[in-house]
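Written out below as structure tokens is the structure these notes cover.
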Amino acid sequence: MSKPSIPKGTRDFLPQQMVKRNYLFDTLKSIFKKYAFLPIETPAVENLSTLMGKYGEEGDRLIFKILNSGDYLSGVTNLAEQNSSTLTKEISEKALRYDLTVPFARFVVQNQNELHFPFKRFQIQPVWRADRPQKGRYREFFQCDVDVVGSDSLLYEVELVQIFNEALTQLKVPGFQIKINNRKILSGIAEVVGAADKIVDITVAIDKLDKIGLEKVNEEMLQKGVSQEAVGKLQPIIQMSGSTAEKFATLRSVLSSSAIGIKGVEELEFIFASSAQLNVDQNLKLDITLARGLNYYTGAIFEVSAENFKGSICGGGRYDDLTGIFGLKGVSGVGISFGADRIYDVLEENNLFPENLLQTTDVLFVNFGDAEALYSMKVMQQLRSRGISCELYPSSGKMQKQMTYANNKAVRFVAMIGTNEMNENKVTLKNMTTGEQQMLDVAQLMDKL
RNA sequence: GUGUCUUUAGUUUAUUUGGUAAAACAUCUCUCUGUGAAUGAGAAGAACAGGGUUCGAUUCCCGAAGACACCCCA
């Protein structure tokens, strides 16, 4: 017999983990609701065409494709001349969702007549990526998304900053930093420098500044084909330092000739100023190296990091054209995503989950025999109607076995109903923590629990 | 897609110049059929169901799988 297993990058969740996960989801949900977002769900499986081309080349590769059912090779023409990428389209027309944002855009277009705009939704569901798993990276993981579509108001960016702040504070995520940038600034930089096609290479290189130093960064850019002149122009930005206000000043002067760049700076300035007014700017940080691979972002982009954790725990941004791809033009959206599994890992590593999460059975009824069992079930019916969680041991086996079961399950009380109790219409209740026990009638029992 | 490491009971780890595998915790039973978390006794359970080298492989080689790192990302 081969051992059963699950694919790498996927996990089973035991009860102890589930209560923690639910705590995390419930916390986020309650906050999302406070900001008036409504829940939706979409299917795990989308049409492959819905997903392809939205995440960049790298993203396309990481989409889990589903093989067509039946004799999927029968319709393929010229099998011998096909390569993997042309063949994929012929033998797979469905795929597992890669994130929640693109399916949401599809959802909005498809259901546009049912929705009232601006439409605020939250969605907590798993997504799948055919990535190589490693620490903090899974092939199946949950995203908790909040998005607004149908408004280009920057107030929503500010609201999302508030949500980040409230959620991460409430969850006690240690040393979280909300990094923010704007795609328009990146476009502006590319415009000024005259290297529009190199913007990704430039940001990737600049992002390594802390790691490899200025010289190596410049070296890398030259290597990627950025001109010497352009690298020269970038120096003030790369070496930008000081307060956020000073950074904005630097950006304004460098980008003065780029209308779109200035627009990006103004947007960020608004977000920073408003956040300061609302007192949620303590962890907000301008980071112009933030690029984000998802190529549908057009305005503000967000990413959140936590102390001692590699990679981001949340991400998001403004996308102006996403629904346009599906045929609904002029609808702007902005949203963020909480990486539940990574946040879980951070909380777990730092021991930040509340202690009292493990809800267990309140009372276990010892089974002394058929008649006693039925009597116990009647009592339990009354307890349950009061919201008390109780269970009966299934067989009248040894007392020890039943007590051990209660003990292992961390049951708080054990109730015993034998012939004596039945005759007197009472229940013997034992407190499993203190060991005390007493005879009570049902009304007293309920008060006690 | 690239690289490094790992692979033995449910879990965590031993073992050997290549000669028939040891333990702890967990599980179950008994000690003890109306009182658990104690003690003691006992049971069941393992080498990647792959390939190769060898008289013989858990040990060496290949393959596979997993973990981690790079890339990218939640």
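None of the values given here were measured: they were computed from a predicted structure. Here is how names work: the chains are called A, B, and so on, in the same order as the sequence lines, proteins then strands, and each is numbered from 1.
- Straight-line distance between the P atoms of B/G19 and B/A57: roughly 11 Å, to the nearest whole Å.
- Going from the C1' atom of B/U35 to that of B/A49 covers 47 Å, rounded to whole Å.
- Across the interface with RNA chain B, nearest-nucleotide mapping of A/R139 and A/P133 shows A/P133 to be the residue nearer the 5′ end.
- Nucleotides B/U13 and B/C55, compared at atom P, are 36 Å apart to the nearest Å.
- Pairs of residues two or more places apart, or lying in two chains, never qualify as side chain to side chain donor-acceptor pair (under 3.5 Å) while including a residue from residues 167-177 of chain A.
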Between N or O atoms, less than 3.5 Å apart, protein on one side and nucleotides 1-7 of chain B on the other: list the pairs.
unit_1	atom_1	unit_2	atom_2	d
B/U2	O4	A/R132	NH1	2.6

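- With both ends at atom C1', the span from B/U7 to B/A44 equals 24 Å, rounded to whole Å.
- Nearest nucleotide to the A/R342 side chain, out of B/U27, B/C70, B/C73: B/C73.
- Scanning for salt bridge (charged side-chain N to carboxylate O under 4.0 Å, His left out) contacts around A/E349 gives A/K135, with sequence neighbours left out.
- Dashed line: the shortest gap from a side-chain N or O of A/K8 to OP1 or OP2 of B/G66 is under 4.0 Å.
- Nucleotides B/C48 and B/A43 have their C1' atoms positioned 28 Å apart, rounded to a whole Å.
- Applying the salt bridge (charged side-chain N to carboxylate O under 4.0 Å, His left out) test to A/K247 and every residue at least two apart in sequence or in another chain returns nothing.
- Nucleic acid contact for A/G435: base, since at least one base atom lies under 4.0 Å from a heavy atom of the residue.
- Residues forming a salt bridge (charged side-chain N to carboxylate O under 4.0 Å, His left out) with A/E41 (at least two apart in sequence, or on another chain): none.
- Scanning for side-chain hydrogen bond (donor to acceptor under 3.5 Å, both in side chains) contacts around A/T101 gives A/D145, with sequence neighbours left out.
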Enumerate donor-acceptor pairs with a distance under 3.5 Å from any side-chain N or O in residues 441-449 of chain A to protein atoms, sequence neighbours excluded.
unit_1	atom_1	unit_2	atom_2	d
A/D441	OD1	A/A443	N	3.2
A/D441	OD1	A/Q444	N	3.0
A/Q444	OE1	A/D441	N	2.9
A/K448	NZ	A/Q438	OE1	3.1

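- Rounded to a whole Å, the CG atom of A/L62 is 12 Å from the P atom of B/C72.
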Classify every nucleotide of nucleotides 30-35 of chain B by which part a protein heavy atom approaches to under 4.0 Å, writing B for the base, S for the sugar-phosphate alone and - for neither, in 5'-to-3' order. SBBSBB
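- If you take CD of A/E303 and P of B/A74, they are 7 Å apart, rounded to a whole angstrom.
- In this structure, A/Y23 and A/F353 have perpendicular ring planes: the angle between them is above 60°, well past the 30° mark.
- To the nearest whole angstrom, the two C1' atoms, one in B/U31 and one in B/U16, are 39 Å apart.
- Residue pairs meeting the ring pair (Phe, Tyr, Trp, His ring centres under 6.0 Å) criterion with at least one member in residues 123-143 of chain A, sequence neighbours excluded: A/F25-A/F142.
- With centres under 5.5 Å and a plane angle under 30°, the ring of A/F141 is stacked against the base of B/A74.
- Both A/K135 and A/Y138 sit near RNA chain B, but only A/K135 has its closest nucleotide nearer the 5' end.
- For the P atoms, the distance linking B/G50 with B/A9 amounts to 15 Å, nearest Å.
- Rounded to a whole angstrom, the distance from the C1' atom of B/G18 to that of B/C61 is 13 Å.
- With sequence neighbours excluded, the residues that form a salt bridge (charged side-chain N to carboxylate O under 4.0 Å, His left out) with A/E58 are A/R61.
- The aromatic rings of A/F164 and A/F302 lie perpendicular to each other, with more than 60° between the two planes, well past the 30° mark.
- Stem analysis of RNA chain B (at least three stacked-register Watson-Crick or G-U pairs, each with both distances under 3.5 Å) gives B:1-7 with B:64-70, B:10-13 with B:22-25, B:27-30 with B:40-43, B:50-52 with B:60-62.
- Between the side chains of A/S332 and A/R318, a donor-acceptor pair is found at a separation under 3.5 Å.
- The list of ring pair (Phe, Tyr, Trp, His ring centres under 6.0 Å) pairs with a residue in residues 401-428 of chain A, not counting sequence neighbours, reads A/Y393-A/Y405.
- A/F338 comes within 4.0 angstrom of no nucleic acid atom, judged by non-hydrogen atoms across all strands.
- In this structure, OH of A/Y405 is placed 18 Å from P of B/G36, rounded to the nearest angstrom.
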